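It should be emphasised that the depicted structure is a prediction, and the values quoted were computed from it without experimental measurement.
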Number of protein chains: 2
Amino acid sequence: MTKKSHEQPDETAPSTGKTASGLASPLDTLLGYRVRRASMAMIADLVDALRPFRLSVGEASLLILVGANPGCRQSDVGRTLEIKRANLTPLISRMKARDLVADAPIDGRSLSLTLTPDGTALRDEMLSRVLASDRKFAKRLTGDQKALFAALEALAR
Amino acid sequence: MTKKSHEQPDETAPSTGKTASGLASPLDTLLGYRVRRASMAMIADLVDALRPFRLSVGEASLLILVGANPGCRQSDVGRTLEIKRANLTPLISRMKARDLVADAPIDGRSLSLTLTPDGTALRDEMLSRVLASDRKFAKRLTGDQKALFAALEALAR
DNA sequence: TATTGTTATACTCTATAACTATA
DNA sequence: TATAGTTATAGAGTATAACAATA
């Protein structure tokens, strides 16, 4: 048996840094933990950016996706955003209640989704804020941005 | 006014790819969206790895952090993991009910946390599975891993 | 006075099952 | 028979407010 490496606050191990609270944090060595922290920081900023529009992240994603794909099927939107049918229905209902999204039957069971004029206008304003938030983070990056996107793509597949 | 660039399913714009459902997806150009997708994929695998131990991601994080910092303050654990006081109490209660974590008063208001022998044993087994899950993703990476960690660090700060 | 821990509570997101209708 | 959409419901995770006790 080898000595266990995560049991003690080992002063000789430089791989585990210290947190702001002074705790050793083996979690910081985990790729998944780092990705999650980065994601949470970006989402927190995105939520702030969306608040003036009274849109959740899921609602904003829907408006952006439907805006880029007018007439798309509701079922395809759900698959693309990985939102389950049962959760997509009330989300779209809220957007219809605000006259941001309109639906129309494709056949007897499928619905097509389109942004209304109000939805398009809100999407335009909202998207520029979303892009600004995203760029703010992207500007922090010094290295090869293409390589980072490739790495994230490899992790997400 | 410039032409709006996200309104139509524009065949001439190669920057916006197509999803598995055939929809144009301007979201894929967003760094934050990519980071979130990567995080969700890794967390889904982590949740699977933790299921046999009946541990949530938060509970596993707590065991790993307390295991590396025996006698640490509950309040510091909450700050490090960004879990609010009010939510940390029931989480720790569950770990105490399973005899994985023990607490002891530091002074009249603070508590110190330590893994019990059972907690240490479970942490050891669990951590090896967590590391295996994390390595599985890390192996997908071709480029400079140090650069990726630096990028994630820059995004999370 | 600020901090620590606790309790109660509410809100969002997500997950499942059951149902109708249709391709 | 598989797919699309809806409804109801339950479970996490997270948020705030109020409180008691203590530094």
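- A straight line from NZ of A/K84 to C1' of D/dG11 spans 14 Å, rounded to a whole angstrom.
- Protein atom CG of B/L111 is 18 Å distant from nucleotide atom P of C/dT3, rounded to whole Å.
- Taking atom CE of residue A/M40 and atom C1' of nucleotide C/dT12, one finds them 14 Å apart after rounding to whole Å.
- If you measure from atom CD1 of B/I83 to atom P of D/dT14, you get 7 Å, rounded to the nearest angstrom.
- Two residues, A/R85 and B/N87, neighbour DNA chain D, and the one matched to the more 5' nucleotide by heavy-atom proximity is A/R85.
- For B/S75 and C/dG5, the shortest distance from a side-chain N or O to OP1 or OP2 is below 4.0 Å.
- Minimum atom distance to the side chain of B/A86 is reached by C/dA8, of the listed C/dT22, C/dA8, D/dA18.
- If you measure from atom CG of B/L91 to atom P of D/dA12, you get 12 Å, rounded to the nearest angstrom.
- Proximity of A/L30 to B/M42: side-chain heavy atoms (C-beta onward) are nowhere separated by under 4.5 Å.
- The interatomic distance linking B/I106 (CD1) with D/dA21 (C1') rounds to 16 Å, in whole Å.
- With B/T29 contributing its side chain and B/P26 its backbone, the two residues share a donor-acceptor pair below 3.5 Å.
- Nucleotides of DNA chain D nearest to A/R36 and A/R73 differ in position, and the one nearer the 5' end is that of A/R73.
- Nearer the 5' end of DNA chain C, as judged by each residue's closest nucleotide, is the contact made by B/Q74, out of B/Q74 and A/V57.
- The side chain of B/S56 lies closest to D/dG13 when the candidates are D/dG13, C/dT6, C/dA15.
- Using a cutoff of 4.0 Å between basic side-chain nitrogens and carboxylate oxygens, A/R37 and B/E82 are scored as salt-bridged.
- Counting non-hydrogen atoms of other residues, nucleotides and ligands closer than 6.0 Å to CZ of A/R129 gives a total of 12 or fewer.
- Among the heavy atoms of the strands lying under 4.0 Å from B/S110 are primed sugar atoms or P, OP1, OP2 only; no base atom is included.
- Following rounding to the nearest Å, A/R54 (CZ) and C/dT12 (P) show an atom-to-atom distance of 13 Å.
- The side chain of B/R79 contributes an N or O atom lying less than 4.0 Å from OP1 or OP2 of C/dT4.
- Straight-line distance from the CD atom of B/E82 to the C1' atom of D/dG13: 14 Å, rounded to whole Å.
- Nearest to the side chain of B/R109, among C/dA2, D/dG13, C/dT6, sits C/dA2.
- The backbone N or O of B/L31 lies less than 3.5 Å from a partner atom in the side chain of A/D134, making a donor-acceptor pair.
- Counting distance only, with no hydrogens placed and no angle test, the side-chain atoms of A/D107 and the base atoms of D/dA4 include no donor-acceptor pair under 3.5 Å.
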